[in-house]
Amino acid sequence: MDGSTDLKNSKPIDYTGPRDYRTQGRHAMFPETDHDECERFNYLAHVNRYIRERIQPRIEDAYDARVEPKFVAENGRKPKDRKEARKLLQSEPMFQYYSAFRRANMEQRQQAGRWVALRQAEELAAKAAALTDGDSRLQLNPELEIPKYLVDVHHHCMPGSYYEENFPGDVVNAANYDCGFFVTIGGADGQEWLDTMGTAIGETLKAKFPDAKPKRILDMGSTLGHNAVSLAKAFPDAEIVAVDAGAPMLRYGLARAKSLGVDNVTFVQGDVRDLSQFEDESFDMVTSCILLHEISYPAMTQIFNESYRLLKKGGVVAHTDIAKNSDQVSICEQAIRDWDAYYNNEPFWSSLREIDQHDYYLKSGFSEEGFFHAQPTTPGSKPTDGRFTPEESKSGGQMMYGAVK
């Protein structure tokens, strides 16, 4: 804990673990949590951090010491790629331990958050309705067909994914997503509103384009608006249009934004593959964050085409998601990075590691000269012109790929 003392050396001990769940911001829509629920979230955040920082590095040690030497002895060569390495890891006890522990942590995180939201489902729906009914900034489309890539998968073990509704006005899945996200990131977010990524995206875009004064910004796949609210704060003179397929996310999102005093976000239910309700060149900026790894190859093409169509000449698009692999990343680490695709209901995660997003930019109409990239959450990181380099793939984390039209 902060302020504790090393009795042997009589020196203060710096606490580097997750912050306490009680420091989480409590906006008007945030579910109420009692003592035991807070402690459950704290426990799960600590476990998540332990898995990633203490257990995960030992997998590569085991791979170097046991898995690869055994394969070489039997086959006279090293594993050729991450897919072959992943199959070998499946029988390695350290990977089995890591995988079982991490999957259990995610399932328990969903159980904890979902229970908190379910036990107050009607109260949360009433709060959302009081804040959003009759507000033109909530634009729902009951006729929208939910994309197959969402319907087929309960992403990151979340029952009902982003869109499920069990009664009119339901916001349970959004409330679960909001209150449990603390665990998903291991309590690592340094700000109480879980907006580190959104804030970093806004700061990165302002650093790259200091003279930009966008009037209208589209945020694709916004869920409940963590990042859209950050963009609204970064560009207070702009209208932010947050689009998502899930009505519960959007209801909760507008109510959450209003309770935080943010009034320049409109929440629209739509399919980001086809946003024909918006006119050509009607946005100054198009963004997404952690959207692309939850879609499909055909959807990638459609999303990039829509990004180009909707963007004004001279406008900026920036999609932020996991970084592409390269030969600068060990085969074992690449195999570990694929864990979410096989064990966390993120089927496109592995495919996105193979894609150079700039190829999609080019095919949709953007020019080579307009490319830039950055790692938004790395302190002091500056946007860099051009394509993402193989050396940069070693850093992992989230990477912003962008272009100017």
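What you see is a predicted model, and the numbers here were worked out from it, not measured in a lab.
Aromatic pair Phe181/His226: ring centres closer than 6.0 Å. Here Tyr401 and His319 keep their ring centres 6.0 angstrom or further from each other. Separation of the Phe372 and Phe388 ring centroids does not fall under the 6.0 Å cut-off. Close placement of the Tyr177 and Tyr162 rings is indicated, their centers lying within 6.0 Å of each other. Close placement of the Phe348 and Tyr297 rings is indicated, their centers lying within 6.0 Å of each other.
What you find for Ser222 and Asp244 is that their closest heavy atoms are N-OD1, 3.5 Å.
Counting only distance, with no hydrogens or angles, the side chain of Asn173 and the backbone of Pro159 share a donor-acceptor pair below 3.5 Å. In terms of modelled atom types and a separation under 3.5 Å, the side chain of Arg137 and the main chain of Asp263 share a donor-acceptor contact. Panel note: side chain Glu165, backbone Phe167; no donor-acceptor pair is recorded below 3.5 Å. Between the side chain of Asp284 and the backbone N or O of Lys215, at least one donor-acceptor pair lies under 3.5 Å. Without hydrogens or angle criteria, Glu60 side chain to Pro57 main chain gives no donor-acceptor distance under 3.5 Å. Side chain of Gln334 to main chain of Asp81: no donor-acceptor pair is present (N/O by atom type, distance under 3.5 Å, no hydrogens or angles). Under a 3.5 Å cut-off, the side chain of Ser161 and the backbone N or O of Tyr163 do not form any donor-acceptor pair. The closest donor-acceptor contact from the side chain of Asn264 to the backbone of Ala238 lies under 3.5 Å.
Under 4.0 Å is where a charged nitrogen must lie from a carboxylate oxygen, and between Arg387 and Asp359 at least one such pair does. Ionic pairing of Glu39 and Arg22 is present here: one or more N-O contacts between side-chain nitrogen and carboxylate oxygen are shorter than 4.0 angstrom. By the 4.0 Å N-to-carboxylate-O rule, Glu74 lies close enough to Lys70 to be salt-bridged with it. Under the 4.0 Å criterion applied to side-chain N and carboxylate O atoms, Asp338 and Arg82 are assigned as salt-bridge partners. Of the charged side-chain nitrogens involved, none lies within less than 4.0 Å of a carboxylate oxygen, so that Lys394 and Glu333 do not count as a salt-bridged pair. Of the charged side-chain nitrogens involved, at least one lies within less than 4.0 Å of a carboxylate oxygen, so that Arg216 and Glu239 count as a salt-bridged pair. Using a cutoff of 4.0 Å between basic side-chain nitrogens and carboxylate oxygens, Arg309 and Glu306 are scored as salt-bridged.
Residues forming a side chain to side chain contact (heavy atoms under 4.5 Å, CB included) with Arg26 (at least two apart in sequence, or on another chain): Tyr21, Gln24, Phe30, Thr33, Cys38. Residues passing the salt bridge (charged side-chain N to carboxylate O under 4.0 Å, His left out) test with Lys233: none are found, sequence neighbours excluded.
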Would you list the atom pairs, donor with acceptor, under 3.5 Å between side chains in residues 100-107 and any protein atom, with sequence neighbours excluded?
unit_1: Arg102; atom_1: NH1; unit_2: Tyr98; atom_2: OH; d: 2.7
unit_1: Arg102; atom_1: NH2; unit_2: Asp340; atom_2: OD1; d: 3.2
unit_1: Arg102; atom_1: NH2; unit_2: Asp340; atom_2: OD2; d: 3.3
unit_1: Arg103; atom_1: NE; unit_2: Glu107; atom_2: OE2; d: 2.8
unit_1: Arg103; atom_1: NH1; unit_2: Tyr343; atom_2: O; d: 2.7
unit_1: Arg103; atom_1: NH2; unit_2: Glu107; atom_2: OE2; d: 3.3
unit_1: Asn105; atom_1: ND2; unit_2: Leu44; atom_2: O; d: 3.1

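Cation-pi check for Lys405 over Tyr308 is met; the charged atom lies under 6.0 angstrom from the ring centroid and within 45 degrees of its normal.
For the residue pair His156 and Asn345, no side-chain donor N or O sits within less than 3.5 Å of a side-chain acceptor on the partner. Neither side chain, Glu368 nor His358, offers a donor N or O lying under 3.5 Å from an acceptor on the other.
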Requested in this report: Let me see the working for Ile322 and Gln398 under side chain to side chain contact (heavy atoms under 4.5 Å, CB included), right down to the final yes or no.
Outcome: CA-CA 5 Å; Ile322 57 175; Gln398 308 303 323; 4.2 Å; yes
